[in-house]
Amino acid sequence: MGHTATAQAGSGGLTATEHRLANGLRVVLSEDHLTPVAAVCLWYDVGSRHEVKGRTGLAHLFEHLMFQGSQQVRGNGHFELVQGAGGSLNGTTSFERTNYFETMPAHQLELALWLEADRMGSLLAALDDESMENQRDVVKNERRQRYDNVPYGTAFEKLTALVFPDGHPYHHTPIGSMADLDAATLEDARDFFRTYYAPNNAVLSVVGDIDPEQTLAWVEKYFGSIPSHDGKPAPRDGTLPDVIGEQLREVVEEDVPARALMAAYRLPADGTRACDAADIALTVLGGGESSRLHNRLVRRDRTAVAAGFGMLRLAGAPSMGWLDVKTSAGVEVPDIEAAVDEELARFAAEGPTAEEMERAQAQLEREWLDRLGTVAGRADELCRFAVLFGDPQLALTAVQRVLDVTADEVREVAAERLRPDNRAVLVYEPTKADDGDRTDSDEEEGADQ
């Protein structure tokens with residue numbers, strides 16, 4: 001099944017066609033003949049929110065296992081074949097999905113499609129104790145390097161656990177715990193694959209210098225015989241009250257370079273106009289060196305060396321607003337916190353100025369266009385909107401939706417959500433005096449091989 005590509009209003013002339021194979025695989029194609037490359041992106045509707053207590057980290061572990069060989073591609077062959085053909089590839093895991101992607105010279109597109117189909121259809125033929133133990137160690141080492149043994153490394157994990165209460169599907173992050181990684185068995189991995197790695201639980205997008213008819217024929221040839229699977233359990237309900245109702249707080253004493261104030265706020269779920277309004281609010285407040293918090297804390301007061309406010313969009317639960325301030329030498333966190341609250345209260349009362357709205361919307365528009373302007377970025381966004389919202393075409397009009405938001409809507413969402421009783425706070429106190437900064441944690445876990 002499919003339909004003709006027709007540019008939608010606000011899509012910038014970009015088009016995409018949708019098709020579905022008999023086994024349930026959704027296919028999205030988007031032609032772009034500007035450069036002779038093609039991007040293949042495959043999203044599986046499985047992430048850490050689908051895991052059960054005692055088996056956290058399994059979605060991310062399995063992402064690594066997908067690069068350990070399949071029936072016809074042994075060992076590290078997937079990487080070797082793609083890179084040998086001049087392409088690039090990786091995979092990542094988040095709360096809500098696992099994705100795999102290749103960008104290839106256009107004449108090597110068939111190879112990428114065959115590789116993805118081979119591991120979707122036959123990974124169990126190659127999955128054994130050796131590959132399981134190998135990748136278990138890789139993931140545990142990744143946890144040490146990215147979380148446990150770096151300054152502020154567990155901040156994202158700690159704040160997530162506070163914002164989403166125990167038992168909530170988003171309470172734990174994709175990396176999982178060491179104990180659960182140790183507890184995972186080969187049979188756990190096999191059951192996980194059978195349940196979630198089926199064509200009717202996936203969306204495949206192909207973007208770039210392609211012949212749609214030939215591409216669809218290849219997709220049918222390689223993916224069409226893979227059987228569907230109907231045993232997937234529904235994800236647990238992730239809804240929560242809009243406001244936490246109290247300020248949750250934890251003091252962390254660690255060997256970090258500087259004192260830090262970090263906080264996470266519950267924000268509207270992705271796919272809503274209120275979420276776009278919240279994105280604009282955080283951009284005005286903490287999105288770069290022209291933002292209010294940077295101007296106040298770094299430039300004017302000189303009480304911080306870095307101040308940012310970003311957003312983690314989530315579709316199945318409240319999104320999170322992520323505040324991160326690293327203090328200057330000798331500055332106490334309560335002074336920083338008082339200044340932050342003052343700026344948030346002023347913004348909630350007055351809203352953004354016309355200049356701030358224009359600048360923030362232009363910044364977000366540029367970020368969206370950067371993603372949609374590359375074949376890999378567009379392929380990923382088409383998959384995202386298909387998996388999370390049921391309609392890949394929404395990716396092509398996302399820019400216009402951000403531009404349609406009004407200043408009143410931005411002020412309103414800030415007043416409703418950016419409040420002291422709607423946040424979890426981490427206060428970092430160094431165990432030895434020093435100053436510095438580092439990059440924020442990310443919610444995605446990648447293969448990085």
Side-chain angles (χ1 to χ4, degrees), residues 8-12 163 239-245 247 263-297 300 307-325 337-369 371-372 381 385 388-389 391 394-424:
Q8 301 181 67
S11 69
V163 170
T239 57
L240 287 170
D242 289 348
V243 174
I244 296 172
Q247 181 174 217
Y265 295 76
R266 277 188 198 164
L267 296 176
D270 195 11
T272 63
R273 191 176 175 98
C275 185
D276 290 333
D279 206 354
I280 294 172
L282 299 194
T283 302
V284 172
L285 288 165
E289 296 184 359
S290 63
S291 67
R292 288 195 182 193
L293 291 177
H294 184 90
N295 281 326
R296 168 73 184 270
L297 300 173
R300 196 192 87 180
F309 214 164
M311 188 178 200
L312 172 60
R313 288 175 174 259
L314 297 171
S319 299
M320 284 206 308
W322 173 275
L323 174 71
D324 187 351
V325 182
E337 193 167 4
V340 168
D341 285 343
E342 183 180 317
E343 291 299 325
L344 295 186
R346 180 182 296 114
F347 189 80
E350 301 172 0
T353 66
E355 181 183 352
E356 286 175 327
M357 276 293 291
E358 182 179 4
R359 185 168 59 241
Q361 286 176 311
Q363 184 174 330
L364 293 172
E365 180 182 22
R366 187 197 69 239
E367 292 171 3
W368 266 110
L369 293 177
R371 290 197 290 274
L372 296 177
E381 291 297 337
F385 280 91
L388 299 181
F389 308 110
D391 184 2
L394 291 171
L396 306 182
T397 55
V399 172
Q400 190 58 50
R401 290 194 295 278
V402 171
L403 299 179
D404 287 342
V405 174
T406 67
D408 284 341
E409 290 173 301
V410 173
R411 186 205 60 76
E412 181 179 342
V413 77
E416 291 175 349
R417 301 299 188 102
L418 300 182
R419 301 161 25 180
D421 66 345
N422 187 37
R423 70 184 176 200

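The salt bridge (charged side-chain N to carboxylate O under 4.0 Å, His left out) test applied to Asp242 returns Arg417, not counting sequence neighbours. With sequence neighbours excluded, no residue forms a side-chain hydrogen bond (donor to acceptor under 3.5 Å, both in side chains) with Asn422. Shown here are the salt bridge (charged side-chain N to carboxylate O under 4.0 Å, His left out) partners of Glu409, two or more places apart in sequence or in another chain: Arg273. Remark: Arg419 pairs with Asp421 by the salt bridge (charged side-chain N to carboxylate O under 4.0 Å, His left out) rule, at least two apart or across chains. Every residue meeting the side-chain contact (heavy atoms from CB on, under 4.5 Å) condition with Glu416, not counting sequence neighbours, appears here in chain and number order: Glu412. The side-chain contact (heavy atoms from CB on, under 4.5 Å) check on Ala269 picks up nothing, with sequence neighbours excluded. The salt bridge (charged side-chain N to carboxylate O under 4.0 Å, His left out) search around Glu342 returns Arg296, Arg346, not counting sequence neighbours. For Leu369, the side-chain contact (heavy atoms from CB on, under 4.5 Å) partners at least two apart in sequence or on another chain are Glu365, Val399. Ala424 is linked by a side-chain contact (heavy atoms from CB on, under 4.5 Å) to Leu159, Leu162, Val163, Leu248, counting only residues two or more places apart in sequence or in another chain.
Among all heavy-atom pairs drawn from Arg411 and Ala349, the shortest one is CD-O, 3.7 Å. Closest of all the heavy-atom pairs between Ala264 and Met320 is CB-SD, 4.0 Å. The nearest pair of heavy atoms linking Ala281 to Phe347 is CB-CE2, 3.8 Å. Val402 approaches Gln361 most closely through the heavy-atom pair O-NE2, 3.1 Å. Closest approach of Pro420 and Gln247 over heavy atoms only: O-CB, 3.2 Å.
Taking the side chain as every heavy atom from C-beta outward, Trp368 and Leu403 never approach each other to under 4.5 Å. Counting heavy atoms from C-beta outward, Phe309 and Leu323 have side chains that approach closer than 4.5 Å. Looking at heavy atoms from C-beta onward, Phe389 lies in side-chain contact with Asp270 at the 4.5 angstrom threshold.
None of Glu356, Gln363, Met357 except one satisfies the side-chain contact (heavy atoms from CB on, under 4.5 Å) rule with Ile280; the exception is Met357.
Between Glu337 and Arg423 there is a salt bridge, since at least one side-chain N of the basic residue sits less than 4.0 Å from a carboxylate O of the acidic one.
Contacts classified as ring pair (Phe, Tyr, Trp, His ring centres under 6.0 Å) and involving residues 394-421 (residues at least two apart or in different chains) are not found. Counting only residues at least two apart or on different chains, no ring pair (Phe, Tyr, Trp, His ring centres under 6.0 Å) pair has a member in residues 270-290.
In this structure, Met311 CE and Asp276 CG are separated by 8.0 Å, a value rounded to the nearest 0.5 Å. Within the model, atoms CG of Leu267 and CG of Leu314 stand 10.0 Å from one another, a figure rounded to the nearest 0.5 Å. We find the CG-OG1 distance between Leu372 and Thr397 to be 9.5 Å, quoted to the nearest 0.5 Å. In this structure, CD on Glu381 lies 11.5 Å from CG on Leu394, to the nearest 0.5 angstrom.
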Scan the side chains in residues 282-290 for donor-acceptor partners under 3.5 Å anywhere in the protein, sequence neighbours excluded, and list what turns up.
| unit_1 | atom_1 | unit_2 | atom_2 | d |
| --- | --- | --- | --- | --- |
| Thr283 | OG1 | Asp279 | O | 2.7 |
| Ser290 | OG | Arg359 | NE | 3.3 |

Does the pair Leu418 and Val413 meet the rule for a side chain to side chain contact (heavy atoms under 4.5 Å, CB included), with working shown? CA-CA 8 Å; Leu418 300 182; Val413 77; over 6 Å; no

